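Just so it is clear, the structure is predicted and the values come from calculations on it, not from any experiment. Only heavy atoms go into these numbers, but all of them, side chains included; no hydrogens, no water, no symmetry mates.
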Amino acid sequence: MHLFSHARRSWIPASTLLGFGLLSACSTSTLDVTNPDVIGIGNVANPSGAVAQRNGAIQDFTQAFSGTQDGFVVSTGNMADEILATDTFFDRLLPNERNTTNNLPGLDSWYLNMHRARAGATRAIKVWAEIKPASKDTLGELYAIRGMVQDFFGEAYCSGVPFSEENGTSEVFGEPLTTAQIFMTAVASFDTAATNATSATNKNLAAVGKGRALLNLGQFAQAAAAVAAVPTNFQYKTYHSSASGRQYNGIWSATVVASSRYTVANNEGGNGYNYLQTPPDPRMPWVPSTRDGFDGTTQNLPTQQKYPTQSSPVVVADGIEARLIELEARLQGGAQADRDAVFAGLNSLRATGGVAGLTPLATAPTTQAAAVDQFFRERAAWLWLTGHRLGDMRRLIRQYGRNANTVFPVGPVITRAGSTYGNDVNYPVPFNETANPNFTACIDRNA
């Protein structure tokens with residue numbers, strides 16, 4: 001059960017509150033029991049409530065990022081070249097085909113989950129800062145996960161996403177933000193996270209998050225500087241469980257179960273990468289199967305093994321990403337010495353990145369275009385099924401001047417006869433956002 005405020009669009013998992021005894025204030029008389037539909041923020045303005053808010057914010061983030069079969073990782077991979085929809089619902093088929101509209105109910109759900117995670121982190125920050133101000137490290141973590149969600153909006157959606165906020169019992173409607181403004185908002189959250197964090201884990205999370213947002217802004221040198229102190233073996237993960245559907249690993253739910261709604265892709269639409277190599281690249285493990293898709297016609301689905309169970313954790317940020325950010329910054333030099341340094345760095349990462357069985361890259365590129373190709377293929381392998389690929393494909397257009405139809409899948413859609421890929425490179429803001437009087441439509445859907 002969830003306790004949900006319809007008026008304020010906020011909710012707190014009841015299981016979290018029960019764990020801290022916060023429902024004990026209810027009357028013991030069955031005649032006096034009130035409907036627990038709304039829990040005001042004042043009811044959790046105490047030490048136990050602050051912890052409950054923090055735990056709820058972390059779980060909201062987990063669900064939005066890697067929970068449910070339509071979370072950030074799966075949905076962005078579906079529009080990119082990592083995942084294919086094997087469903088019968090247009091909510092999943094059209095994004096895969098790059099023909100998305102703004103009135104698909106399934107898209108409303110993960111858009112709402114993303115905002116729920118962002119707003120939940122903000123509420124938890126306010127309560128924690130008031131009730132437990134000495135515990136700065138948790139504030140650092142909450143600011144960092146808020147920054148991550150803000151960054152995710154910039155990577156997944158068109159320019160024009162508004163960030164509405166709560167002000168007491170009322171809602172303050174946000175103004176549409178350009179993609180650059182979204183990423184700058186994320187950078188500000190990561191800066192505040194770094195100021196508050198005291199543990200190495202949360203300092204590193206804030207650093208990698210800031211580096212990611214700066215990379216999205218094309219500020220390569222600043223991004224490299226942000227992650228310079230992050231050790232290669234650092235990881236920050238979301239954790240999952242078989243205890244309930246809300247806690248499942250959503251990537252597993254989407255791509256492993258019988259009659260799955262999705263499957264992992266390979267060479268999708270001609271431009272897609274060859275993720276499913278034989279023998280498998282150890283960074284992208286998979287096995288063949290005889291599973292059919294939910295559509296009943298897509299057969300022998302390959303099964304990813306990166307997340308083999310419903311309890312598999314998912315990396316949000318790590319030291320591998322930090323090293324890749326540094327290498328991409330070096331690549332901007334454009335000289336052969338820079339290309340050679342990046343080539344050496346990629347091979348060093350293969351040797352020291354903690355994945356056994358990787359052999360060195362054989363040939364150093366001698367042109368900038370070839371170096372960019374090689375780098376992004378390596379980045380795609382290291383960050384496979386972690387929610388980075390759509391943002392990277394958009395950056396290839398925005399920052400490297402690639403034509404969208406040389407980056408994204410094109411031509412016939414193999415999972416739906418008669419369909420061809422469209423021209424989308426991002427998700428539109430769902431129609432329901434028009435309830436916000438400041439929002440009309442996307443500002444720009446081209447990059």
inquiry  = What verdict does the ring pair (Phe, Tyr, Trp, His ring centres under 6.0 Å) test give for Phe173 and Phe439, after you've listed the backbone C-alpha separation in whole Å, the side-chain angles of each residue and the deciding distance to 0.1 Å?
reply    = CA-CA 9 Å; Phe173 290 107; Phe439 178 82; over 10 Å; no
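- The list of disulfide bond (SG atoms under 2.5 Å apart) pairs with a residue in residues 182-221, not counting sequence neighbours, is empty.
- For the residue pair Asp444 and Asn426, the shortest heavy atom distance occurs at O-ND2, 4.4 Å.
- Test Glu326, Arg330, Gln332 against Val342 for side chain to side chain contact (heavy atoms under 4.5 Å, CB included) and you get one pass: Arg330.
- Heavy-atom minimum distance, Val429 versus Val161: CG2-CG2, 3.8 Å.
- Looking at Gln69 and Tyr248, their side chains never bring a donor and an acceptor atom within 3.5 Å of each other.
- Here Arg350 pairs with Glu378 under the side-chain hydrogen bond (donor to acceptor under 3.5 Å, both in side chains) rule; sequence neighbours left out.
- Ring-centre distance between Phe190 and Tyr143: not below the 6.0 Å cut-off.
- When Leu349, Val355, Thr352 are each tested for a side chain to side chain contact (heavy atoms under 4.5 Å, CB included) with Ile320, only one passes: Leu349.
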inquiry  = Is there a side-chain contact (heavy atoms from CB on, under 4.5 Å) between Glu155 and Arg212? Walk through the geometry before answering.
reply    = CA-CA 10 Å; Glu155 292 182 8; Arg212 179 172 179 170; 2.8 Å; yes
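- Residues satisfying the side-chain hydrogen bond (donor to acceptor under 3.5 Å, both in side chains) criterion with Thr386, sequence neighbours excluded, are His388.
- In terms of the side-chain hydrogen bond (donor to acceptor under 3.5 Å, both in side chains) criterion, residue partners of Tyr275 (sequence neighbours excluded) are, by chain and number, Asp81, Arg389.
- A 4.5 Å side-chain heavy-atom check between Val256 and Tyr307 finds every atom pair outside the cut-off.
- For Lys306, the NZ atom counts as densely surrounded, since its 6.0 Å shell holds more than 12 non-hydrogen atoms of other residues, nucleotides or ligands.
- Ring geometry for Tyr157 versus Tyr427: interplanar angle of 30 to 60°, hence tilted.
- Ring orientation note: the planes of Phe376 and Tyr400 are nearly perpendicular, at an angle over 60° on the 30°/60° scale.
- Between Phe153 and Tyr111, the ring planes are perpendicular. Angles over 60° get that label, and only those under 30° would be called parallel.
- Listed by first and then second residue, the disulfide bond (SG atoms under 2.5 Å apart) pairs involving residues 110-161 are Cys158-Cys442 (not counting sequence neighbours).
- Checking side-chain atoms of Arg118 against main-chain N and O of Ser164 turns up a donor-acceptor pair under 3.5 Å.
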query = Passes side-chain contact (heavy atoms from CB on, under 4.5 Å), Thr434 versus Thr440? Steps please.
reply = CA-CA 6 Å; Thr434 58; Thr440 302; over 6 Å; no
request  = Give the C-alpha distance, both sets of side-chain angles, the deciding distance and a yes or no for side-chain hydrogen bond (donor to acceptor under 3.5 Å, both in side chains) between Gln150 and Ser189.
outcome  = CA-CA 9 Å; Gln150 290 165 336; Ser189 288; 2.8 Å; yes
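- Sorted by first and then second residue, the disulfide bond (SG atoms under 2.5 Å apart) pairs involving residues 160-226 (not counting sequence neighbours) form an empty list.
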request  = Determine, stepwise, if the pair Trp110 / Thr68 fulfils side-chain contact (heavy atoms from CB on, under 4.5 Å).
outcome  = CA-CA 9 Å; Trp110 78 278; Thr68 82; 5.9 Å; no
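- Minimum heavy-atom separation, Arg261 to Asp87: NH1-OD1, 2.8 Å.
- Residues Gln368 and Leu331 are in side-chain contact: their nearest non-hydrogen atoms beyond the backbone lie under 4.5 Å apart.
- Between Ser260 and Leu301 the shortest heavy-atom distance is OG-CD1, 3.6 Å.
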